[in-house]
Amino acid sequence: MESNKQEKLDSRYLRMARIWAENSYCVRRQVGCLVVKDKRIISDGYNGTPSGFENVCEDDNNVTKPYVLHAEANAITKLARSHNNSDGATLYVTASPCIECAKLIIQSGVQRVVYGEKYRLEDGIDLLKRAGIEVVYKEVK
């Protein structure tokens, strides 16, 4: 019974992360992220440029600029500026985390990651599992 309820919550939060991704100005790929603790959204993020920069993620050759932040990094750094903490939280992200974001997730105290799209590299997922973080792949519907 409890697992069915969790599956429904996972689907809802992942759909919400997909909607949140629509805030991204990135053309090549829009990614959204929510951090949820005790059934409350405590942070959100989407991929994009740092605050104060132009909202252009790709250069003239359609290559992502090196300073573009990933959705997970935006959500975690936003938490750092708040009164919340992510100890024991679940992170919902529309695409599987890269290895750099996986390191941030591990250090943030997040205990569970639910993602909706597989990426060609799995090193971030492997690192999360190695750290004992529960990782769930769930297609966005």
Side-chain angles (χ1 to χ4, degrees), residues 2-141:
E2 187 64 35
S3 65
N4 189 32
K5 187 175 182 179
Q6 186 61 58
E7 284 181 34
K8 286 181 180 180
L9 285 171
D10 287 349
S11 292
R12 285 183 192 129
Y13 285 126
L14 208 48
R15 284 195 315 268
M16 290 169 74
R18 167 58 43 221
I19 290 167
W20 201 244
E22 294 173 11
N23 288 313
S24 173
Y25 288 90
C26 295
V27 174
R28 290 181 60 217
R29 182 174 223 189
Q30 294 179 316
V31 179
C33 178
L34 297 176
V35 181
V36 177
K37 185 173 178 178
D38 301 324
K39 296 182 185 175
R40 284 188 357 214
I41 297 169
I42 60 170
S43 191
D44 55 64
Y46 49 87
N47 57 326
T49 56
S51 298
F53 281 63
E54 74 289 349
N55 287 322
V56 179
C57 298
E58 294 85 8
D59 63 19
D60 293 336
N61 297 317
N62 202 32
V63 175
T64 301
K65 294 178 180 178
Y67 52 84
V68 168
L69 290 157
H70 289 186
E72 306 94 313
N74 263 327
I76 290 169
T77 54
K78 187 185 276 189
L79 264 172
R81 297 180 69 172
S82 75
H83 296 292
N84 288 316
N85 73 66
S86 49
D87 289 338
T90 298
L91 184 140
Y92 294 90
V93 63
T94 57
S96 62
C98 71
I99 195 155
E100 293 301 318
C101 288
K103 291 188 276 186
L104 291 173
I105 292 166
I106 292 165
Q107 290 300 95
S108 73
V110 164
Q111 300 239 307
R112 195 165 171 267
V113 173
V114 180
Y115 69 100
E117 293 173 21
K118 292 185 178 180
Y119 187 60
R120 61 183 166 81
L121 300 175
E122 300 228 346
D123 50 357
I125 296 297
D126 294 340
L127 188 63
L128 291 170
K129 289 178 180 176
R130 183 175 169 198
I133 293 173
E134 181 186 350
V135 178
V136 178
Y137 168 66
K138 188 165 196 58
E139 289 187 70
V140 181
K141 294 180 182 177

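Residue indices begin at 1 and follow the sequence shown.
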(message) Restricting to non-hydrogen atoms, name the atom on Pro97 and the atom on Ala102 that form the minimum distance, rounded to 0.1 Å.
(response) CB-N, 4.4 Å

(request) Would you confirm whether Asp38, through its side chain, and Arg40, through its main-chain N or O, come within 3.5 Å as a donor-acceptor pair? (result) no

(message) Taking Ile105's backbone N and O only, do any of them form a donor-acceptor pair with Glu72's side chain (distance below 3.5 Å, no angle check)?
(response) no

(request) For Phe53, enumerate each residue passing the ring-ring contact (aromatic ring centres under 6.0 Å, His included) test, keeping only those at least two apart in sequence or located in another chain. (result) Tyr67

(request) Decide yes or no for Leu104 and His70: does some side-chain heavy atom of the first lie under 4.5 Å from some side-chain heavy atom of the second? (result) no

(request) Could you grab the distance from atom NZ of Lys138 to atom CG of Asp10, nearest 0.5 Å is fine? (result) 6.0 Å

(request) With rounding to the nearest 0.5 Å, note down the distance linking CG in Asp123 to CZ in Arg120. (result) 9.5 Å

(message) Could you work out, with side-chain hydrogen bond (donor to acceptor under 3.5 Å, both in side chains) as the rule, every residue matching Asn84, not counting sequence neighbours?
(response) none

(request) Kindly compute the distance separating NZ (Lys78) from CG (Asp44), expressed to the nearest 0.5 Å. (result) 3.5 Å

(request) Find the distance between CG (Asn47) and CG (Asn23) and round it off to the nearest 0.5 Å. (result) 10.5 Å

(message) Measuring only between side-chain heavy atoms, which start at C-beta, is Lys37 closer than 4.5 Å to Ser86?
(response) no

(message) Quick one, Pro50 and Leu69 - any side-chain contact, counting heavy atoms below 4.5 Å?
(response) yes

(request) Could you tell me whether a side-chain N or O of Tyr92 sits under 3.5 Å from a main-chain N or O of Arg18, the two making a donor and an acceptor? (result) no

(request) Check whether any side-chain heavy atom of Val31 sits under 4.5 Å from a side-chain heavy atom of Val93, and report yes or no. (result) yes

(request) For Tyr46 and Asn74, test the side chains for any donor-to-acceptor distance below 3.5 angstrom and give the result as yes or no. (result) no

(message) Rounded to the nearest 0.5 Å, what separates atom CG in Asn4 from atom CG in Leu9?
(response) 10.0 Å

(request) Please say which of Asn85, Leu91, Ile76 ends up in a side chain to side chain contact (heavy atoms under 4.5 Å, CB included) with Ser108. (result) Ile76

(request) Quick one: closest heavy-atom pair of Gly32 and Ala21, and the distance? (result) N-CB, 3.3 Å

(request) Work out which heavy atom in Leu34 is nearest to a heavy atom in Tyr13; give both atom names and the distance. (result) CD1-O, 3.5 Å

(request) Could you check if a side-chain atom of Val56 sits within less than 4.5 angstrom of a side-chain atom of Lys65, using non-hydrogen atoms only? (result) yes

(message) Keeping Thr94 on the side-chain end and Ala17 on the backbone end, is there a donor-acceptor pair under 3.5 Å?
(response) no

(message) Please give me the minimum heavy-atom distance between Glu117 and Arg29, naming the atom from each residue.
(response) OE1-NH2, 3.0 Å

(request) Measure the spacing between SG of Cys98 and CD of Glu122 and express it to the nearest 0.5 Å. (result) 13.5 Å

(message) So which atom in Ala73 and which in Cys101 form the shortest heavy-atom distance, rounded to 0.1 Å?
(response) N-SG, 4.2 Å

(message) Using every non-hydrogen atom in the two residues, find where Val35 and Ala75 come nearest and quote the distance to one decimal.
(response) CG2-CB, 4.0 Å

Side-chain donor-acceptor pairs under 3.5 Å in residues 124-135, sequence neighbours left out?
unit_1	atom_1	unit_2	atom_2	d
Glu134	OE1	Arg112	NE	3.4
Glu134	OE2	Arg112	NE	3.4

